[in-house]
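To start, the structure itself, in structure tokens.
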There are 2 protein chains.
Amino acid sequence: MATNLRERRRRQTSREIQMAAVVVTLRCGYEHTTTEAIASEAGISTRTFFNYYNNKEAAILGETTPPDPAQADWFITSDAPIVDDIAHLLGQVLKDDQVDRNMMRKIMDVIETTPDFLPLFRKRMDDTSLVVSNLLVARFGAAFAAEAQLLAELATHAMIDALQVWAVDDNLVVDDVTTLIREKLHNVGTLLSRGGRGALR
Amino acid sequence: MATNLRERRRRQTSREIQMAAVVVTLRCGYEHTTTEAIASEAGISTRTFFNYYNNKEAAILGETTPPDPAQADWFITSDAPIVDDIAHLLGQVLKDDQVDRNMMRKIMDVIETTPDFLPLFRKRMDDTSLVVSNLLVARFGAAFAAEAQLLAELATHAMIDALQVWAVDDNLVVDDVTTLIREKLHNVGTLLSRGGRGALR
DNA sequence: CGTAAACATTGCATAGACTGCAATTATATG
DNA sequence: CATATAATTGCAGTCTATGCAATGTTTACG
């Protein structure tokens with residue numbers, strides 16, 4: 001047999017634990033969610049729970065795979081507007097991650113009822129943000145590394161906003177997230193170069 | 001006597017505890033910093049420690065006072081570039097907070113040795129970010145509330161970057177932070193509207 | 001196959017974070 | 001000075017999280 005049996009099971013259990021964590025949190029509220037309750041809901045021991053996740057928050061938020069810089073040479077050499085390229089790159093992350101809309105919706109519900117989770121969700125994207133930042137530096141040069149980092153953070157935040165929209169709207173497909181990210185970034189850019197009052201555009 | 005004696009003492013103890021927390025963390029590393037060690041360093045009981053701060057992180061990072069929206073009408077009606085106004089607003093926050101450079105330097109040291117603190121430091125600014133976001137909505141209209149939030153987050157992140165620069169450079173005064181914030185925001189704006197490769201400008 | 005290495009699950013013991021309560025002491029106020 | 005208000009603390013108890021060692025499963029390989 002392929003050595004993947006273990007790996008597949010691990011992934012499976014990992015998702016089961018996450019689902020258990022989210023479900024219990026939505027049922028009882030985060031304050032009253034104990035690791036024991038999560039473990040019991042997932043049908044494992046609390047010790048095993050901590051073999052999969054370092055803490056409760058991590059179990060609820062799950063894991064992300066940052067983009068592979070080796071696959072992103074196009075980003076460095078592209079001549080397209082930077083906003084388009086960032087949006088495309090982050091959209092790709094979602095596709096690669098095979099994000100489950102049902103799970104994402106539940107996660108967003110948790111964030112809504114427990115706002116403390118929003119910063120944690122952002123932190124969860126830090127790896128991705130770092131990769132984006134490095135790609136920006138590779139594209140524009142090291143002189144503005146600080147700004148690259150700011151822009152990368154901004155982009156992942158825009159991605160989270162877009163995910164929130166996508167999660168609750170069954171009419172949208174994953175590719176629409178790319179468009180949403182682009183629009184948000186574009187609008188922020190417009191705001192940034194504005195002077196006085198009034199609506200955008 | 002004025003009823004402020006208690007209040008002054010409270011502030012004093014509060015700062016003493018923070019200093020103790022930071023010092024112990026820099027001495028032993030965050031992993032090995034116990035509430036007991038902090039309390040002992042500050043000359044109080046661990047129970048009192050938790051009367052002042054909800055947790056260790058909060059003790060290390062201290063508190064911030066967000067800008068008072070009632071004092072910020074000028075922001076809503078200004079015709080100056082938005083970047084300038086945000087930078088000025090955030091610079092004002094620093095002045096009002098009477099930020100101690102020595103403390104800030106130590107906090108930045110903690111962040112450097114324990115990168116997990118950067119997200120927490122950002123979270124600490126969430127109140128400020130919210131006020132900025134509301135002011136932006138008041139200035140530009142509610143249609144782009146989401147973008148206002150993104151821009152406000154970006155601005156507080158830029159502020160943190162600027163603080164890092166200020167903390168280690170005794171030649172800079174608080175007003176220089178305003179300039180730094182403006183420059184960073186301006187550069188990000190420029191990046192956002194760029195196409196292909198090459199340095200800024 | 002069958003066996004040894006690698007990995008997964010679990011229980012147990014333990015440290016540390018944090019809370020609620022009640023007692024004690026200090027400060028404010030009239 | 002007497003009384004309300006607030007600060008400090010000890011103690012008991014809950015929950016998170018980790019290390020360790022025992023036991024059970026998979027995998028790899030001769």
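Note on naming: letters A, B, ... go to the chains in the order of the sequence lines (proteins, then strands), and numbering restarts at 1 for each one.
If you measure from atom CZ of F50(A) to atom P of dT16(D), you get 7 Å, rounded to the nearest angstrom. Atom CZ of R8(B) is separated from atom P of dA7(D) by 15 Å (rounded to the nearest Å).
For R47(B) and dT8(D), a side-chain-to-base donor-acceptor distance below 3.5 Å is absent, hydrogens and geometry of angles not being considered. A donor-acceptor contact under 3.5 Å links the side chain of R6(B) to the base of dT5(D).
Nearest to the side-chain atoms of T34(B) among the listed nucleotides dA17(C), dG11(C), dC15(D) stands dA17(C). The R9(A) side chain lies nearest to dT26(D) when the options are dT9(D), dC15(D), dT26(D).
Under the 4.5 Å side-chain criterion, counting only non-hydrogen atoms from C-beta, L172(A) is in contact with L180(A). Between Y53(B) and Q18(B), some side-chain heavy-atom pair lies under the 4.5 Å cut-off. In this structure the side chain of D85(A) never reaches within 4.5 angstrom of the side chain of L135(A), judged on heavy atoms.
Residue T48(A) places no side-chain N or O under 4.0 Å from the OP1 or OP2 atom of dT9(C).
Inspection of the E16(B) and Q12(B) side chains reveals an N or O donor paired with an N or O acceptor under 3.5 Å.
Here N55(A) lies in heavy-atom contact (under 4.0 Å) with sugar-phosphate atoms only. Within the nucleic acid shown, Y52(A) comes within 4.0 Å of sugar-phosphate atoms alone, with no base atom in reach, counting heavy atoms only.
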